Number of protein chains: 2
Amino acid sequence: MSDMPSCQFESRPRRIVIGSGGVQADFCTNCSVRPTSVCSVIEPSDISRLAEVAVETIVSPGRGFIEEGAPATDFFNVTSGTVKLFKALPDGRRQITGFAAPGHFLGLAVSDSYAFGAEAIDTVRVCRFSREKMGELLDDFPKLERRLLEEASNELVAAQNQMLLLGRKTARERVASFLLDQMQAGLLPGQPPPSGGRLHLPMTRGDIADYLGLTIETVSRTLSWMRGQGMIEVGKGYAITIVSMAKLEVLAAGNG
Amino acid sequence: MSDMPSCQFESRPRRIVIGSGGVQADFCTNCSVRPTSVCSVIEPSDISRLAEVAVETIVSPGRGFIEEGAPATDFFNVTSGTVKLFKALPDGRRQITGFAAPGHFLGLAVSDSYAFGAEAIDTVRVCRFSREKMGELLDDFPKLERRLLEEASNELVAAQNQMLLLGRKTARERVASFLLDQMQAGLLPGQPPPSGGRLHLPMTRGDIADYLGLTIETVSRTLSWMRGQGMIEVGKGYAITIVSMAKLEVLAAGNG
DNA sequence: CGGGTTCTTGATTCCCATCAACAGTAGTGG
DNA sequence: CCACTACTGTTGATGGGAATCAAGAACCCG
């Protein structure tokens, strides 16, 4: 967790769609996250409208692409990789408010400036929409608005769960909840089914700590303790295997 | 904080609107929170549509009217009083996720069941809409949907701030942030301007503790310490006067 | 194989929770 | 009006869980 580098895009726009001729009409049609993202509500016949305003951008690991407090110019849709979203205090303390996986929509905010920062964990691809053009889309496709409301509601529920975790759970309960959430998240997006209880967490211990309101050391100790209890196995790199989901669930539900 | 009583409404529907004849057309028109609530986006000419589906309900202090996990049948709009929203763990630990003041819309959730509980702090009046009828309104008034998205976005920002508070701030920083937020909230809703730094907090120390992820004792001690520092004055009942906003702001920004 | 980052483990500290006692405050009924 | 009770808030003493400080170990990548 070195100081965050400049928060510019490492913007390699791979595909700036040009005319309306439908040259790139398959850009969105063939997008891997379309079925699960907000874009799914746009009819195939209108998909070119979407492709016209979307710009694909690649962000390399560790690079920030949204700076907290900066003017909110764009919306984003994650198409691959994992993003961490965070807020920070002046002295450097950092709280990760969430991880955004493929399909996740970023940038919902009424304000003119971003309320949080965003940084790529691994190599991330995002679809970028200018705020202005997004507004036009919303005017033309009411379904899109409803879908965004749905998205926001789900995030709100997640945020409330996280508040309960941060305010009232012990370190063990937090880590257990986190592992179970990650397990759950791994199931959804049509990914290769995570056979057994095998998890591949893209984020570091530091990220987990900043997400759970703990320190790196406490996260590490807690994982070691869980290993000792036969709840999990800690592999090399970022691999963790859940051995006893039941034990973790007891912990996560609130038994220190 | 005794055990929560049965979460039924103490439902005294004062006004069940009957026909479409506009008998009660002024019900919503004259509503005191209409200018600041989601209802403001409905044109005066369509206001009867709103009045038809709204049922006013009074909830007495300490009474719960949304039970976490119960089937989500209704939406609510707070018209007077203050509501606490919370989530709980099986063993009773409780996290208040927010306080809802007049104008606040409650019940946003995609799920079929409420993700949080709600309880009246003082005497509360709410407008109740059935989920079903709300859906019809959304279909007919796209503006309403956009307004709800706005509302949800704002709540999301507040939730992220609260996560930072709960995960990374010290007790003193939390209480300072809370007092400043309450000050801010008191300014908005066309209320009588809170002259000087005088606050009238409707919630108990226990509620504040459950909101800030602290204990009653720590909240009390911290307020006493702030009094000793000349930051605030603690009056009888629920009155607190902010003497030095500047000192509180330094604290809230992150200097333990 | 180095050099740097990340992770683990141990020793110690400290902030806040817990336990406990008491003081206000409010509501009730004699 | 004044006990009487119940609740809420304040303050003190003590303890514990996680942070901090510190040192290696493991891992990654060129």
Side-chain angles (χ1 to χ4, degrees), chain A residues 1-3 5 60-62 84 89 91-95 121-123 165-176 200-228 232-240 251 254-256, chain B residues 1-3 5 60-62 84 89 91-95 121-122 165-176 201-228 232-240 251 254-256:
Chain A
M1 246 154 331
S2 54
D3 264 28
S60 51
K84 55 181 167 186
L89 291 170
D91 64 3
R93 278 175 284 173
R94 179 177 295 198
Q95 178 65 39
I121 290 179
D122 42 21
T123 296
L165 181 146
L166 292 169
R168 290 306 183 203
K169 287 188 181 177
T170 66
R172 287 172 184 178
E173 291 164 355
R174 294 182 199 200
V175 174
H200 199 83
L201 306 174
M203 66 291 286
T204 67
R205 297 284 185 272
D207 289 336
I208 299 174
D210 279 348
Y211 180 58
L212 299 179
L214 300 171
T215 60
I216 294 179
E217 295 94 322
T218 299
V219 170
S220 181
R221 268 187 256 273
T222 304
L223 288 173
S224 296
W225 176 83
M226 287 175 169
R227 179 161 43 76
I232 62 172
E233 279 165 17
V234 181
K236 300 188 186 249
Y238 296 96
I240 287 186
L251 254 189
N255 303 83
Chain B
M1 245 152 335
S2 53
D3 264 29
S60 52
K84 56 181 166 187
L89 292 170
D91 65 2
R93 278 174 285 173
R94 180 178 294 197
Q95 178 65 39
I121 290 178
D122 42 21
L165 181 147
L166 293 170
R168 291 305 183 203
K169 287 188 181 178
T170 66
R172 287 171 184 178
E173 291 164 356
R174 294 182 199 200
V175 175
L201 306 174
M203 67 291 286
T204 67
R205 297 284 186 269
D207 289 336
I208 298 175
D210 280 349
Y211 180 57
L212 298 179
L214 300 170
T215 59
I216 293 178
E217 296 94 324
T218 298
V219 171
S220 183
R221 267 187 257 272
T222 304
L223 288 173
S224 297
W225 175 83
M226 287 175 171
R227 179 162 42 77
I232 61 172
E233 279 165 17
V234 182
K236 297 187 186 252
Y238 296 97
I240 287 186
L251 254 188
N255 302 82

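Throughout, protein chains are lettered first and strands after them, A, B, ... in sequence-line order, and every chain is numbered starting at 1. Quantities reported herein were computed from a predicted structural model and do not represent experimental measurements.
Annotation: side chain of A:Glu233 is not in contact with side chain of A:Ile240 (no heavy-atom distance under 4.5 Å). The side-chain heavy atoms of B:Arg94 and B:Leu89, taken from C-beta on, include no pair separated by under 4.5 Å.
D:dA18 atom P lies 12 Å from atom CG of A:Leu165, rounded to whole Å. Atoms CD1 (A:Ile216) and P (C:dT9) sit 15 Å apart, rounded to a whole Å. B:Arg172 places its CZ atom 13 Å from the P atom of C:dA17, with the value rounded to the nearest Å. Spacing between atom CG of A:Leu201 and atom C1' of C:dC7 amounts to 14 Å, rounded to whole angstrom units. In this structure, B:Leu166 places its CG atom 16 Å from C1' of D:dA18, rounding to the nearest Å. Taking atom CZ on B:Arg205 and atom C1' on C:dA23, their separation rounds to 14 Å, with Å as the unit. The distance from atom NZ of B:Lys236 to atom C1' of C:dA26 is 12 Å, rounded to the nearest whole Å. Rounding to whole angstrom units, CD of residue A:Glu217 and C1' of D:dA18 are separated by 10 Å.
The 5' end of DNA chain D is approached more closely, in terms of each residue's nearest nucleotide, by B:Leu223 than by the other of B:Leu223 and A:Lys169. Each of B:Val219 and B:Arg168 lies near DNA chain D, and the nucleotide nearest B:Val219 is the one positioned closer to the 5' end.
Under 4.0 angstrom from either OP1 or OP2 of C:dC16 there lies no side-chain N or O belonging to B:Thr218. For the OP1/OP2 pair of C:dT9 and a distance below 4.0 Å, the side-chain nitrogens and oxygens of A:Arg227 include at least one atom meeting the criterion. Considering only side-chain N and O atoms, A:Arg221 lies nowhere under 4.0 angstrom from the phosphate OP1 or OP2 of C:dT8.
Ranking C:dT6, D:dT20, D:dA18 by closeness to the A:Ala171 side chain, first place goes to D:dA18. The A:Ser224 side chain lies nearest to C:dT8 when the options are C:dT8, C:dA17, D:dT8. When distances are taken from the side chain of A:Thr170 to each of D:dT11, D:dA18, D:dA19, the shortest belongs to D:dA18.
A salt bridge does not link B:Asp210 to B:Arg93: none of the charged nitrogens lies less than 4.0 Å from a carboxylate oxygen.
Within the nucleic acid shown, A:Gly213 comes within 4.0 Å of sugar-phosphate atoms alone, with no base atom in reach, counting heavy atoms only. As judged by a 4.0 angstrom heavy-atom cut-off over every strand, B:Ser220 is placed among the base-contacting residues. Backbone-only contact: B:Leu214 has heavy atoms under 4.0 Å from sugar-phosphate atoms and none from a base.
Atom CE of B:Met203 is separated from atom CD1 of B:Ile121 by 5.0 Å, given to the nearest 0.5 angstrom. The CG atom of A:Leu166 lies 5.0 Å from the CD atom of A:Gln95; values are rounded to the nearest 0.5 Å.
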